Amino acid sequence: MSDKNRKLSELTEEEYQETLREISKRLGLKMLPEDHPIYKEPPTIILNPFSTNDSKEEVDDKQNSE
């Protein structure tokens, strides 16, 4: 980025892309090209990305019922 005080809307397309590359590199993000196959996939929502420990709940239920 040539001038740190300029607004993004005032940058040329090349300067804007370079700014995005710098920011993504700093944050450890990977930029994908616009023609990347992932953009052709429908939107996906992951409701529960973490698995739960069901076995512990079953043991607690058995102990409580006795």
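Just so you know, these numbers come straight off a predicted model, no measurement behind them.
Under the rule for a side chain to side chain donor-acceptor pair (under 3.5 Å), the partners of E13 that lie at least two apart in sequence or sit in another chain are Q17.
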Could you go step by step and tell me if E10 and K7 meet the salt bridge (charged side-chain N to carboxylate O under 4.0 Å, His left out) rule? CA-CA 5 Å; E10 296 173 350; K7 294 180 181 179; 5.3 Å; no
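Tracing side-chain contacts under 4.5 Å through hydrophobic residues (I, L, V, M, F, W, Y), one reaches Y16 starting from M31; they form part of the same cluster.
Taking a cutoff of 4.0 Å between a charged side-chain nitrogen and a carboxylate oxygen, R21 and E18 qualify as a salt bridge.
One distance of note links CG of L20 with CD of E15; it measures 12.0 Å at 0.5 Å rounding.
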Donor-acceptor list for residues 35-45 side chains, cut-off 3.5 Å, not counting sequence neighbours:
residue	atom	partner	partner atom	Å
H36	ND1	I38	N	3.1
T44	OG1	P42	O	3.4

